[in-house]
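Presented below is the structure to which this report refers.
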Amino acid sequence: MKIIVNGAGGRMGKTLCDLIEKSEKHTLAAAVSMEFETDGEKGIYKSLEEFAGEADMLIDFSNHSATYDVTSYALKKAMPVVIATTGQNEEELAMIKSASAEVPVFYSQNMSLGVAILSCLAKIAAKALPDCDIEIIEKHHNQKLDVPSGTAILLADSIKSVRTDAEYNVGRHEYGKRTKNEIGIHSLRMGGEVGTHEIIFAMGSQVITLKHEAENRSLFAEGAISAAEYLVSQDAGFYNMDNILN
């Protein structure tokens, strides 16, 4: 599979490019980043539109602000696209959903299979323990932009799917007691932390804690490759990690 990596100049983009170049099954069709100066012979480009070669898949690890460019390119080339960025606003999410009507689109706020399993377990616990207090703590490196993390929102949304009256309390910065239906979401930013997500279910007499720790960024790149391998044979539609698990 020939893969275009958009956002190849960032931390995750570099990790993904390295993984593809070491692969025996896939090749890097183009590495695209606003940080690059276009050099077709080296396969690097400043923008997607500058690459006119052949490719089977587009993986985006850039920034949510590139959503229009990414979806427009995928539609123009009739190419499947894996969107691995977070922080999209409602307009950008609508672009992604609209594109999925014409091409296969894989979108996840976390590319880790482990996080997908954590999400499933969280739903089971929340449904089985309807009266417990639920708190989510997420930790990331000190350069991460979005707060809370996309993964924390993904986990909270999973819980809310079975606890429909839940309300998110991000940061809990106001004076007052905890409400019965709230899900507390807390963000820590420190050092080079890759990513830790912890969900606490407190019942008064006992506590259950579900936790996922990312030890290095390669797991997200590996997840993006798995998503691409799944997506390349699919029809137009909107896919996520649940599809891979099922």
Side-chain angles (χ1 to χ4, degrees), residues 1-35 43-45 48 51 55-67 69-71 73-74 77 79-88 92-93 95-96 99-100 103-119 140-141 144-146 149-155 194-195 197 212-234 237-246:
M1 182 165 50
K2 297 179 180 178
I3 302 172
I4 302 170
V5 176
N6 190 50
R11 294 185 182 192
M12 280 309 311
K14 291 176 181 177
T15 302
L16 179 58
C17 288
D18 288 343
L19 186 64
I20 294 171
E21 289 175 342
K22 294 174 182 177
S23 171
E24 296 180 355
K25 297 190 297 181
H26 310 304
T27 58
L28 185 62
V32 182
S33 175
M34 292 180 63
E35 301 173 18
I44 61 175
Y45 300 85
L48 285 167
F51 176 66
D56 304 303
M57 179 68 57
L58 169 60
I59 300 178
D60 179 40
F61 260 119
S62 60
N63 184 278
H64 68 87
S65 61
T67 300
D69 292 337
V70 169
T71 54
Y73 188 83
K77 299 292 185 178
M79 182 181 297
V81 56
V82 175
I83 298 177
T85 57
T86 62
Q88 285 84 1
E92 291 161 345
L93 289 172
M95 292 178 195
I96 294 171
S100 71
V103 296
V105 176
F106 191 104
Y107 172 72
S108 177
Q109 292 173 309
N110 189 297
M111 284 291 157
S112 163
L113 184 60
V115 166
I117 294 171
L118 178 67
S119 174
H140 284 90
H141 58 87
K144 186 171 179 62
L145 298 177
D146 50 323
S149 69
T151 302
I153 296 172
L154 178 154
L155 295 171
V194 176
H197 292 84
H212 178 272
E213 296 179 86
E215 296 186 349
N216 60 68
R217 289 181 178 81
S218 64
L219 74 92
F220 304 118
E222 291 165 359
I225 291 292
S226 295
E229 291 173 340
Y230 170 83
L231 195 66
V232 74
S233 61
Q234 302 302 318
F238 186 81
Y239 303 91
N240 57 33
M241 278 294 178
D242 289 341
N243 296 105
I244 293 181
L245 286 180
N246 297 328

(request) Determine yes or no for a side-chain-to-main-chain donor-acceptor pair under 3.5 angstrom, with Ser108 supplying the side chain and Asn110 the backbone. (result) yes
(request) Answer whether the closest heavy-atom distance between the side chains of Leu19 and Ser218 falls below 4.5 Å. (result) no
(message) Whether the side chain of Asn243 engages the backbone of Asn240 through a donor-acceptor N/O pair (distance < 3.5 Å, no angle test) should be reported.
(response) yes
(message) If we ignore hydrogens and angles and just use 3.5 Å, is the side chain of Thr15 paired with the main-chain N or O of Arg11 as donor and acceptor?
(response) yes
(message) Testing the 3.5 Å rule here: is there a donor-acceptor pair between the side chains of His212 and Thr151?
(response) no
(request) Could you pull out the closest heavy-atom pair between Val194 and His140, with the gap in Å? (result) O-CD2, 3.4 Å
(request) Search all heavy atoms of Ile59 against all heavy atoms of Ala228 and return the closest pair with its distance. (result) CD1-CB, 4.1 Å
(request) Show your reasoning for whether side chain to side chain contact (heavy atoms under 4.5 Å, CB included) applies to Thr86 and Ile153. (result) CA-CA 10 Å; Thr86 62; Ile153 296 172; over 6 Å; no
(message) I need the minimum non-hydrogen distance between Leu28 and Ile20, along with the two atoms involved.
(response) N-CG2, 3.5 Å
(message) Would you say that Met241 contacts Ser119 through its side chain, given a criterion of any heavy-atom pair below 4.5 Å between the two side chains?
(response) no
(message) Which label fits Phe238 and Tyr107: parallel for a plane angle under 30°, tilted from 30 to 60°, or perpendicular past 60°?
(response) tilted
(message) Taking the side chain as everything from C-beta on, heavy atoms only, tell me whether Tyr73 gets closer than 4.5 Å to Ile4.
(response) yes
(message) Could you measure the distance from the OG atom of Ser33 to the CG atom of Leu48? Nearest 0.5 Å is fine.
(response) 10.5 Å
(message) For a quick test of reading the model, state the closest non-hydrogen atom pair linking Phe51 to Ala29 and the distance between them.
(response) CE1-O, 3.7 Å
(request) Any chance you could measure Ser23, atom OG, to Ile225, atom CD1, to the nearest 0.5 Å? (result) 6.5 Å
(request) Please report the shortest heavy-atom distance between Leu245 and Ala116, naming the atom on each side. (result) CD1-CB, 3.6 Å
(message) Quick check for you: to the nearest 0.5 Å, what is the distance between His26 atom NE2 and Glu229 atom CD?
(response) 3.5 Å
(request) Could you grab the distance from atom CD1 of Ile96 to atom OG1 of Thr85, nearest 0.5 Å is fine? (result) 6.0 Å
(request) Supply the atom-to-atom distance Asn6 CG to Met34 CE, rounded to the nearest 0.5 angstrom. (result) 10.0 Å
(message) If you compare all heavy atoms of Leu219 against all heavy atoms of Ser112, which two are closest, and at what distance to 0.1 Å?
(response) CD1-CB, 3.3 Å
(message) What I'd like to find out is whether the side chain of Glu222 reaches to under 4.5 Å of the side chain of Met111, using heavy atoms alone.
(response) no
(message) To the closest 0.5 Å, what do you measure between CG (Leu93) and NE2 (His64)?
(response) 10.5 Å
